[in-house]
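Take a look at the structure set out below.
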Amino acid sequence: MADLLQDLSAVQRDAASATEGPVMVLAGAGSGKTRVITYRIANLIGNQGVPAGNILALTFTNKAAGEMRHRVDQLLGPGSSGGLWIGTFHSVFARLLREYIDRLGYSRSFSIFDSDDSKSLIRQCMAELNISQDSVPVNTVQGIISKAKNSFILPADFHRNAADYNQQKASQIYELYARKLKENNALDFDDLLIKPLELFGNHPEVLEELQELFRYILIDEYQDTNRAQYLVTKMLASRHRNIFVVGDDAQSIYSWRGADISNILNFQDDYEDARTFKLVENYRSTGTILQAANSVISRNQRQIKKELVAKGATGEPLTLIEAFNERQEAEKVGDWIRKLSLEKQLDFRSFAIFYRTNAQSRVLEDTMRQHRLPYKIFGSVSFYKRKEIKDAVAYLRFVQNDRDSESLLRIINFPPRKIGDVSIGKLRDFARERGISLYEAIRCAPQGGYQQRLVNALSSFSSVIESLREIAETGTVYEVLNSLFVQTGLLSLLQAENTPESMARHDNLQELLSMARDFSDHNPDAGMLGDFLENIALASDYDETQESDNFVSLMTVHASKGLEFPVVFITGLEERLFPLNCYEPEQMEEERRLFYVAVTRAREKIFLSWAQSRYLYGQPQHCLRSKFINEIDGDIVHTESGRVHGGGAGAAVSVRRTEPVRHSGGGAPPVREKEGMRKGTRVHHAVFGPGTVLELQGRGTQQKAKILFRGSGEKTLMVQYANLKVLP
DNA sequence: AAGCCCTCGTTTTTT
DNA sequence: ACGAGGGCTT
C-alpha cells in the first residue's frame, strides 16, 4: 500500500498526496488527470485511514464516475469504493435531496423532469399566461430560466431585476413554472443543484451535518462548473476546507450552458492558501499533435498559460483534406479510413470522425454505409428519449408520484382509450374547481357527471395504475413493468403491427424490461422504483462505451471530450461552421478551445478537412477555409499527396495559403472592417437588434466594436463576424 | 378523437 | 432538408 503512489510522476504524486487544505490541479489534456484523482482517493482510504463515506467526489458524467469507482477498486481491492460518495453532481444531490427534501415542502417520491418534460410544462405556463409562442419561443424561455437557475437567481430576484419587456414576461413564466413544478412534486435538472442551496440556506443544521460528513471533497472538470455548483461545493467545503479541484481552463467548452470559466481562473482568490499543481506532461499524443495544440491555444487571451510537453515520439504531420463539397469530403474521409485500416492494419475502432454540428453527421453516415465501414454515431437519439421508452417510463413515474401531471398526460390516452383533449379539459376544470389534483379528479369521475363512456375509460385507466401501485409496494421494478406490459397489451400491440418501426419499438421495450430485471436482481429490496427512475432520469447516451465492438466513432467535438483515438478526422473546418458564427470575442475563444479539445483527442494522427461548398438548411453555401487551419504551424500540415502545406509555389494550387499564420509576418491582413463605421454610428444586428457604436478597437479582422443595443445592453463584438448593417 | 398539412426554426447539450 | 407542434379537416 505504501508504494501506491510509486506509479505516478513526481508532480502527479505531489498533487495526489496533498490531501489537506485547498488544492487546484491544472491538468492539461492527456496528463493523467483521472489517475491523480483515483490515486488520491486510494491514498486517503488506504494510507490515511479515512473512511470512504467521508469522501465526496463529483464528476459531470456517469461514465467518469463509474471509471473512477472502478479504478479505486482496482487499487484497493474489490468493494473498497463501496461507501464512497462518488457520482455526478446531479445524482449525488438527487440522492441527498431524497433524504431532506420534505423540509422544502416536496415529498421524497419527487419526479425528475428531463428537458422535454420541462419544455412542455413551460409551454403550459405560457398558455395559461396568454403569452404567445410567436412573441417568445419556448426554447428561448427555457434557456433564460435555466440560465437564471444555474446562476442561482430565484424567481423573486429575477422579477426584481427584469429590465425590459421580454425579461418581464420571462419572469412571469419562471414564477409560474417553479410553482407548477412544485405542484407536480417534480424537480428539473437545474433544481437538483439549486434546491440543495435553498435547503442549506433555510436549514443550516442540514448543511452542518453534511459539512461534517464530507471531510474530503474532489471535483473533476472544474472548468465546467456553473455558479450553482460553485456555490454548493464551496458551502460544503467551508468547514474542513479539504477541497481538491481538477480541471483545464483550455478545455472549457460549456459556457453556453452556464459553465463559468472564472471558477477555475479565480480559485486562487477564493482560497488564498491554495496550492496549485500543473500537469503538462502529455502521455497521449505525438509531439507534432501537441505542437499543433499548443500553437492553437496560445492565441487565446483568457487562459492560464501552459504548454503541453510530449512524452512520446514526434510522429507524423497532420494531413489537410480539401473537398469540393461535403459529399466529397465524406468520401475522402472514408477512403482514408479504408486505406489506413488495410495498410497499417488498424482496427476500425482506432478512427474517430468529429464534427461541429449534428447536421453534418448525415452525409458522413451515408458515406460510411456506402463504403461498408462499420460505424457508430454517438449522441443520436438517446434510448431514454425514444417515445415508447418515455411512455413506459411515464407509467412508472406516475405510479411513484401521482402528482406528476406530465407523465399522466402522456399515458392517460396511451394506449388509446378514447380520452381526448376535450375530456382532459373537463377533468382539469373539475380538478381546479375543487382544488384537487388531476388524478384525484379522475378517481372521482363517477361523481363528475360525465358520459358513461368516459367514466368507464377513466376507471379502467385508474385501475391499471392502482394495481401497479400495489405491485410496486412489495414487488420489484421488473414485476411492475411486466404487469404494465401485460395489462396494457403494449408489447403484443406492437408485435401485431409488424412493421420494421413497430418491431424496433417492441425490441426497445424488451430491452427496458431486461434492464428492469437486471436492476431488480442487483437491488433485491422492494420499493426501489424511485432509484430505478432516478438512474433513468440521470442516464445519458454517452455512458455506454462498448469498447469491445470494432467500429468507427462519429460524434460532435463536444461529445469527444475525455476520449482518445489513434486517428482523428476533424471535419467541416470552415468559417461560420467551425468556428461557428461568433458574435463576441469570448465566443471565438470558446470555439478555439473546442478545436483544441478536438486536436488533443488524437494519439497518432490528425486529418483536417473542409469543403468549398456545403448545404445549409437545404441551400448550398459557399464556404471559406477555417482560420483554425492557419493557426497550426504550416510546416506540420501536409496536403493529401504529402507535400508541405503552406510552402510556396510548390504546393498544389488549391491548397495555397490564403492568410498568413502570424499577423506580423506576410502581407497585411485582409480588411474586414465595415465601411463608414465610427463612434456613434447606428447599426443593426441580426440577434441583438438596433444599437449604437460606443467604441472601436483594433483593425482589420481583429477589429472589435463596443455597441450599446436597445434591447440587450452593451456588447463587444468582432466586426468581422457580427454581420452588422450600418443604418443611415 | 384521430389524421393531415402547414409553418417555423433549426450550435454545441455531460445532467 | 427535415422534424415538431399547432391548427385544421374528417
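Scope of the values below: all heavy atoms of this structure, side chains included, with no hydrogens, waters or symmetry mates. Lettering of chains follows the sequences in order, A, B, ..., and the numbering in each one begins at 1. None of these values were measured; they are calculated from a predicted model.
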Assign A:Ile419 to base, sugar-phosphate, or nothing according to its heavy-atom contacts below 4.0 angstrom with the strands shown.
sugar-phosphate
Under 4.0 angstrom, heavy atoms only, what part of the nucleic acid is A:Pro416 near: base, sugar-phosphate, or nothing?
sugar-phosphate
What pair of heavy atoms forms the shortest contact from A:Ala598 to A:Val568, and how long is it?
O-CG1, 4.2 Å
In whole angstroms, the gap separating C1' of B:dT11 from CD1 of A:Ile253 amounts to 12 Å
One thing to verify: whether A:Asp224 and A:Lys561 come together as a salt bridge, which I'm taking to mean a side-chain N less than 4.0 angstrom from a carboxylate O.
yes
When A:Lys418 and A:Val557 are each assigned the nearest nucleotide of DNA chain B, the 5'-most assignment goes to A:Lys418
For A:Tyr384 and B:dT13, what is the distance between atoms OH and P respectively, to the nearest whole Å?
19 Å
Just to be sure I understand the geometry, which residues of residues 85-94 of chain A put a non-hydrogen atom under 4.0 Å away from DNA chain B?
A:Thr88, A:His90
By a 5.5 angstrom centroid cut-off and a 30 degree plane limit, is there stacking between A:Trp256 and B:dT12?
yes
Does the pair A:Asp188/A:Lys149 count as a salt bridge with the N-to-O cut at 4.0 Å?
yes
Given atom CG of A:Leu580 and atom P of B:dT12, what is their separation to the nearest angstrom?
8 Å
Decide yes or no for A:Phe595 and A:Pro579: does some side-chain heavy atom of the first lie under 4.5 Å from some side-chain heavy atom of the second?
no
For the pair made of CG in A:Leu563 and P in B:dT14, what is the distance, rounded to whole Å?
12 Å
Aromatic ring centroids of A:Phe354 and A:Phe569 under 6.0 Å?
no
note: A:Lys147, atom NZ; B:dT13, atom C1'; distance rounded to Å ~ 14 Å
Students often get this wrong, so: under 4.0 angstrom with heavy atoms, is A:Asp421 touching a base, only sugar-phosphate, or nothing?
sugar-phosphate
Atom CD of A:Glu326 to atom P of C:dA1: distance rounded to whole Å?
12 Å
Distances under 3.5 Å only, N/O to N/O: pair up the protein atoms with those of nucleotides 3-7 of chain C.
residue	atom	partner	partner atom	Å
C:dG6	OP1	A:Gln133	NE2	3.0

Expressed as a whole number of angstroms, how long is the span from A:Lys63:NZ to B:dT14:P?
12 Å
As a test of reading the structure: which of B:dT11, B:dT14, B:dT12 is closest to the side chain of A:Tyr617, going by heavy atoms?
B:dT11
Closer than 4.0 angstrom, basic N to acidic O: yes or no for A:Arg95 and A:Asp531?
no
Using a heavy-atom cut-off of 4.0 Å across all strands, would you classify A:Ser115 as base, sugar-phosphate, or nothing?
nothing
Mind checking A:Asn413 for me? I need base, sugar-phosphate or nothing, with any heavy atom below 4.0 Å counting as a touch.
sugar-phosphate
Contact class for A:Asn358 (heavy atom, under 4.0 Å): base, sugar-phosphate, or nothing?
sugar-phosphate
Please state how far atom CZ in A:Phe378 lies from atom P in B:dT12, giving the value in whole angstrom units.
18 Å
Do the charged groups of A:Arg327 and A:Asp366 touch, with an N to O distance under 4.0 Å?
yes
First of A:Asn139 and A:Leu192 reached from the 5' end of DNA chain B, by closest nucleotide
A:Asn139
Lys/Arg-Asp/Glu bridge criterion (N-O < 4.0 Å) met for A:Arg369, A:Glu365
yes
Donor-acceptor contact below 3.5 Å, side chain A:Arg601 vs main chain A:Glu564
no
Does the pair A:Glu589 and A:Arg299 meet the rule for a salt bridge (Lys or Arg N to Asp or Glu O under 4.0 Å), with working shown?
CA-CA 8 Å; A:Glu589 297 221 332; A:Arg299 285 155 217 272; over 6 Å; no
